[in-house]
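Structure first, commentary second.
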2 protein chains.
Amino acid sequence: MAEKTFLKPKLPKTRNTNKVSKPPAASKAPKASKLQQRQKKAAVVATTATPKETSRRAVTSYDVALRAGISQSAVSRCFKPGASVSPAMRALVMKVARELDYTPNAIARSLITRRSNLVAVLISNLTNLYYPEVLSELCQQFEKRGLRVLLFTLPHEADVDKMIAQVWEYQVDGVVAAARLTPQQVAEFERRQVPFVLYNRTLQDKPVNAVVCDQIEGARLLVTRLAAAGHKRLAIISGPTDSVVGQERTRGARERIAELGLAKPIIVEGNYDYHSGAAGLREILRQLGCTPDAIICGNDVMAIGCVDTARHELGLNVPTELSVVGFDGVEPSTWLSYNLTTLRQPVQMMAQAAAEMLIALIAKPDSSPEKRVFSAQFIEGGTSVLGPL
Amino acid sequence: MAEKTFLKPKLPKTRNTNKVSKPPAASKAPKASKLQQRQKKAAVVATTATPKETSRRAVTSYDVALRAGISQSAVSRCFKPGASVSPAMRALVMKVARELDYTPNAIARSLITRRSNLVAVLISNLTNLYYPEVLSELCQQFEKRGLRVLLFTLPHEADVDKMIAQVWEYQVDGVVAAARLTPQQVAEFERRQVPFVLYNRTLQDKPVNAVVCDQIEGARLLVTRLAAAGHKRLAIISGPTDSVVGQERTRGARERIAELGLAKPIIVEGNYDYHSGAAGLREILRQLGCTPDAIICGNDVMAIGCVDTARHELGLNVPTELSVVGFDGVEPSTWLSYNLTTLRQPVQMMAQAAAEMLIALIAKPDSSPEKRVFSAQFIEGGTSVLGPL
DNA sequence: TTGTATGCGTTATCAT
DNA sequence: ATGATAACGCATACAA
């Protein structure tokens, strides 16, 4: 495969441009072209570096151009999908690039294109058991579409504002927020003009892009089923007050309970973990003085804590003496020991929707806000009696 | 607080430098200074943009400098911790920066400093229940130390090499790999001179930086305890063959079993999930034709699957008829329904060690490889009889 | 199709 | 302490 003439190493001509040289002292030499600079550097490295300890300097497109005897822009073009490059050129560049281990520098690219291909994912706490599933799905989706995930976990104590500042610094193309944020923090996204999608949370006042599961609908459905099965005295172990999702679940349940004319439920507050489910049950029994017919827990893990405590600590039979239901449909809820009655969120669909939305938003930033609402799926497990009592 | 004289808006003098203008046609005007360019752009934006739709252009340090009547480098310095800036200057810059909502561009900074403050975290699959804990800890540690986490999840099917290529493109300062990588892939880290720490895996041939838990020691301890309690016929549900951790656990157990002169154990292979624990138990019973004294599972989730299947499907009493032990010490292993006998890995310490090591390595790249080995903690739960049988 | 020249927004190196 | 200027590595308009 003979090289075409125009690919022969023709060194770019030295730059004798409009700069008619300088009178003011013999200080500054005429500026060398970047390629020439590179040439010099390469020479320095070659003489300086010991053979085995190869240069710490990264290989750049200039190095490839120099070696191939072409221009830097030619190299750049060869790495751009739709560019107009002759096959011979592309082959040559790719060959040399491989030889030199050249990898395009995404940082430099981002600077010029103003697209970092970075998306920030904000997540409250990964220990929640539900969020890892979400994160996993989001990652898959974004990776599939050529976006990299910059992960921010927001522990409760930490200074969230300071963390969010980091998001701006890195010029992310978009943000998925599955974390507890104040309206002010969300407003900041808007002000910064960074496309963002909220996951399982919305704003009261402003319409925003969001993917949510209809928690109220789900909670109502749950109560309806429990009531139909004859449960009369219901109790609730709610999520923490700063969890929008938790509040909605509680509200939906309470509303439906009232509609059905059932007794006003006892509500104790949990924080989504196993122990607060256990503590919640004990507190309910203390307040009520007896066993309720059913306990609605703000998530599966609390429900699991509740079931375990009922069975192994209090000697209560679940479901015959007490029904327990949860929310989320995390994997452990399906384990044989629990086989929890719960409302499963379609995590995969929701994550996919969030990724799709964000990508569409990045492409077309001024679309009007959209909210995609998914329904939870009722899972009839073995921790509740749902036939007639 | 009167401004000092030298802070008065003194516009940088226009650039009448060595360029003695050009004869060749009236094409190129003398190059304007960056500040002047910026000034012009700002003007264009002001006249073009509608009042409410503020400019999409990001605010840069030039904008701040322009507004404050100082040089761009002064602005830059004010955002650098140790720089020598007068208090008055700093105050002025910060005030204007706040007014304009200026945020330094980390991308541009990275380009010049050659430090991205980005670390890549490579994780196999987040659905493993053990990895979210690791990831969470790693994140905390890195965030605390001013590094951002670029997350890469490696699904089994995906082209790992292509994913890793993305790591190089983003010029990460370091890598923590808690994923199944081939020795070639690890060698690539080395060749690229990117500091890296392996989490819970090492290389056979080369010494590498790694944080590991001593799986062999743990497995041996487990067998020792089981044997001391009188268990004679042991069986193993191993992790998948491509999991180094799993292999070591199996090897340690097998060696110790041999040393103690016990019968050679049946070994069936699982893939770390709940169902493969269940399937593993059934397979063991099939092969053995009877119940073994104890089953050692490659991780907690398989152990849980094993316990559940024994109790709820096969009607076996755990631990009186069958002991089951696991590895990891994930949260569900502590739940009352299981109260699993297991070896807990000190995840928090390990993650902290990994972060520390990587940061030290970034600061001093040519340190010789170190391996930090942690011991697992034996947790005596209720799924095994460990007193005399 | 290919090369030249420029700019992205910052930090670093000077000179002042 | 401050300002002017040159990189950093790439993509892109424009000229050829």
Side-chain angles (χ1 to χ4, degrees), chain A residues 4 6-7 10-19 27-28 31-35 37-38 41 57-65 68-80 83-90 92-93 102-116 169 171, chain B residues 4 6-7 10-15 17-18 27-28 31-35 37-38 41 57-65 69-80 83-90 93 102-116 169 171:
Chain A
K4 292 209 188 134
F6 63 85
L7 280 181
K10 54 169 184 248
L11 273 185
K13 38 186 178 297
T14 64
R15 194 138 146 289
N16 277 339
T17 34
N18 47 7
K19 215 169 290 172
S27 56
K28 314 218 173 197
K31 196 180 162 186
S33 82
K34 286 221 174 180
L35 247 175
Q37 288 176 31
R38 196 77 207 174
K41 274 191 204 172
R57 286 270 311 93
V59 179
T60 74
S61 55
Y62 279 100
D63 296 317
V64 176
I70 55 176
S71 75
Q72 177 268 331
S73 49
V75 177
S76 172
R77 270 191 290 264
C78 289
F79 282 87
K80 183 180 174 175
S84 77
V85 189
S86 70
M89 171 70 90
R90 170 160 273 132
L92 171 63
V93 167
Y102 168 68
T103 308
N105 183 328
I107 297 285
R109 194 212 311 278
S110 303
L111 190 56
I112 183 75
T113 61
R114 294 155 173 294
R115 289 268 275 117
S116 62
E169 292 206 5
Q171 316 293 111
Chain B
K4 292 204 188 139
F6 61 84
L7 280 180
K10 53 170 180 247
L11 274 186
K13 37 186 178 296
T14 64
R15 192 140 147 288
T17 33
N18 46 8
S27 55
K28 315 216 171 200
K31 194 179 163 186
S33 82
K34 285 217 174 182
L35 247 174
Q37 288 177 28
R38 196 78 208 172
K41 274 191 204 173
R57 286 272 310 93
V59 178
T60 75
S61 55
Y62 277 101
D63 297 317
V64 177
I70 55 176
S71 76
Q72 179 270 334
S73 39
V75 177
S76 173
R77 266 192 294 265
C78 289
F79 282 87
K80 183 179 172 175
S84 78
V85 188
S86 70
M89 171 69 91
R90 169 159 273 132
V93 167
Y102 168 69
T103 309
N105 183 328
I107 297 284
R109 173 187 301 151
S110 303
L111 189 57
I112 184 72
T113 59
R114 295 153 173 291
R115 289 268 277 117
S116 62
E169 293 206 3
Q171 317 292 111

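Letters go in sequence order (proteins before strands), and every chain restarts at 1.
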### Query
Sequence neighbours excluded, which residues qualify as side-chain contact (heavy atoms from CB on, under 4.5 Å) partners of B:Ser76?
B:Gln72

### Query
Who pairs with A:Glu169 by side-chain hydrogen bond (donor to acceptor under 3.5 Å, both in side chains), at least two apart in sequence or on another chain?
none

### Query
Please give, in whole Å, the distance from D:dG9 P to A:Tyr62 OH?
10 Å

### Query
How long is the line joining CZ of B:Phe79 and P of C:dG9, in whole Å?
15 Å

### Message
Taking salt bridge (Lys or Arg N to Asp or Glu O under 4.0 Å) as the definition, give me every residue that meets it alongside A:Arg77, ordered by chain and number, with sequence neighbours left out.
### Response
none

### Message
Tell me every residue that passes salt bridge (Lys or Arg N to Asp or Glu O under 4.0 Å) with B:Arg90, counting only those two or more places apart in sequence or in another chain.
### Response
none

### Query
Looking across every strand, which nucleic acid part, if any, lies under 4.0 Å from A:Tyr102 by heavy atom: base, sugar-phosphate, or nothing?
sugar-phosphate

### Reference residue A:Val75; test side chain to side chain contact (heavy atoms under 4.5 Å, CB included); the match among A:Leu92, A:Thr60, A:Val85, A:Val64
A:Val64

Any N/O pairs under 3.5 Å between the protein and nucleotides 12-16 of chain D? List them or say none.
from, atom 1, to, atom 2, distance (Å)
D:dT12, OP2, A:Lys80, NZ, 2.8

### Query
CD1/A:Ile107 to CZ/B:Arg109 distance, rounded to the nearest 0.5 angstrom?
12.0 Å

### Message
Five pairs per end, C1' atoms only: what is the angle between the end axes of the helix from C:dT1-D:dA16 to C:dT16-D:dA1, to 10 degrees?
### Response
30°

### Task
With the side chain counted from C-beta on, respond yes when B:Val93 and B:Tyr102 share a heavy-atom pair under 4.5 Å apart, and no when they do not.
no

### From D:dG9, C:dT11, D:dA1, nucleotide with atom closest to B:Ser86 side chain
D:dA1

